[in-house]
Amino acid sequence: MNVKVPAVALALILAAVCLTRPLHAHKGVTSKFTYNAEVYPIFLNRCGHCHIEGGVGPMSLLSYADAFPWAESLRTELLETEGPSTDAATNFVRTAHRELPARELDVILDWATGGYPEGDHAKAPALAKLINAWTHGEPHLAVPLPTPYQMPADVIEATQEFVLPIGVATSGDANGIDVLPGTPSIVREVELQLRSGNTAPRPLGVWTPRQNPAPIVLSPPVRLVPGAHLLVRIHYKKTWLFEGRSMTDRSTIGLYFNP
């Protein structure tokens, strides 16, 4: 193929396979590409922030044992004509990836079609670990949820609203806001508003996990005064990996101020 395909195509795959279990087909190896040499770097650089053990993605793609059972599903969905989805999870994952260059798409398709070889086992990449950290360094002010949210075992999806006192003693201008998920595997979206005095809440932005996360830029800066509150609305959703399990989250909101 010689066209550039948006990475949302890959994102569609990852959303679609959420609904199924891996396939364990066996076929002859014809691909010149191997997971260890060519495919793993693509998954790591394009998908690895979410599709990692403990991440928000429905499965990890960062080891051969985790990735190869999904090869047939990856291929099938990559070859589907892309279109809008009515499924929130699908659209969520679509927006979480950057454009996927045609060369990388070709590698994944060739590997998935040609028997998905592992390559030299001795050269398998080291197991990647989830890094759950502030994306722009420590914030000037960190405001955690007032109490942990307990997601019951029998609940798959939920939306919870929280009121967070900011606790500033003097007025100041915030130019950025970020979210540090307490439990990254279930935090899908965080909607943020500011309530100051008797004025109507001011929208600050919506945070979602993505491959290259960055704080929400507040432009123009937002004036924070003593007594102001953050209104936080969090959308939680479990993948099939956590069905039937009780989950706890206590995410933290970070604020960055002008010097």
Side-chain angles (χ1 to χ4, degrees), residues 1-83 85 87 89-132 184-185 208-213 239-241:
M1 287 181 288
N2 57 7
V3 295
K4 187 171 183 180
V5 177
V8 293
L10 179 58
L12 174 58
I13 303 162
L14 302 177
V17 296
C18 295
L19 306 178
T20 64
R21 296 300 189 268
L23 301 176
H24 296 277
H26 296 278
K27 57 169 58 179
V29 173
T30 60
S31 177
K32 64 182 178 180
F33 302 116
T34 68
Y35 177 85
N36 291 340
E38 289 90 12
V39 177
Y40 171 81
I42 298 174
F43 286 162
L44 177 66
N45 294 328
R46 302 293 183 181
C47 322
H49 183 78
C50 296
H51 291 275
I52 186 172
E53 185 175 354
V56 73
M59 72 289 194
S60 172
L61 294 175
L62 300 188
S63 76
Y64 179 73
D66 288 332
F68 90 84
W70 300 98
E72 294 288 349
S73 295
L74 289 169
R75 175 184 176 278
T76 299
E77 294 300 331
L78 274 174
L79 295 175
E80 287 289 332
T81 302
E82 181 187 340
S85 173
D87 178 66
T90 298
N91 286 323
F92 159 75
V93 181
R94 285 180 179 179
T95 61
H97 296 75
R98 298 178 299 174
E99 287 193 348
L100 183 69
R103 162 66 180 173
E104 296 181 4
L105 177 64
D106 285 344
V107 168
I108 296 172
L109 275 175
D110 189 280
W111 174 76
T113 303
Y116 31 90
E118 177 182 9
D120 187 348
H121 185 72
K123 295 182 179 179
L127 185 63
K129 299 291 186 181
L130 176 68
I131 298 176
N132 186 37
S185 59
T208 57
R210 48 202 180 275
Q211 181 63 17
N212 295 288
T239 67
W240 58 269
L241 294 170

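Between Phe43 and Tyr35, the ring-plane angle classifies as tilted under the 30° and 60° cut-offs. Between Tyr116 and Trp111, the ring-plane angle classifies as perpendicular under the 30° and 60° cut-offs.
Heavy-atom minimum distance, Ser63 versus Leu127: CB-CD1, 4.4 Å. Nearest heavy-atom pair, His51 versus Pro58, reported as atom, atom and distance to 0.1 Å: CE1-CD, 3.2 Å. In plain terms, the two heavy atoms of Arg75 and Ala112 that are nearest each other are CB-CB, 3.8 Å. Between Arg46 and Glu104, the closest heavy-atom pair is NE-OE1, 2.8 Å.
Rounding to the nearest 0.5 angstrom, the gap separating the CG atom in Leu130 from the CG atom in Asn132 is 6.0 Å. A distance of 12.5 Å separates OG of Ser185 from CD1 of Ile52, quoted to the nearest 0.5 Å. Atom-to-atom distance recorded for Glu118:CD and Asp120:CG is 8.5 Å, nearest 0.5 angstrom. Rounded to the nearest 0.5 angstrom, Leu109 CG and Leu74 CG are separated by 9.0 Å. Taken from CD1 in Ile108 to OG in Ser31, the straight-line distance is 11.5 Å, to the nearest 0.5 Å. Rounding to the nearest 0.5 Å gives a distance of 8.0 Å between CG of Asp66 and CG of Leu62.
For Ile131, the CD1 atom is loosely surrounded, since the number of other residues' heavy atoms within 6.0 Å does not exceed 12.
Between Pro184 and His49, the closest side-chain pair of non-hydrogen atoms is not below 4.5 Å.
Checked options Pro125, Pro41, Pro117; the residue passing with Asn36 is Pro125 (criterion: side chain to side chain contact (heavy atoms under 4.5 Å, CB included)).
For the pair Glu53 (side chain) and Ser60 (backbone), a donor-acceptor distance under 3.5 Å is absent.
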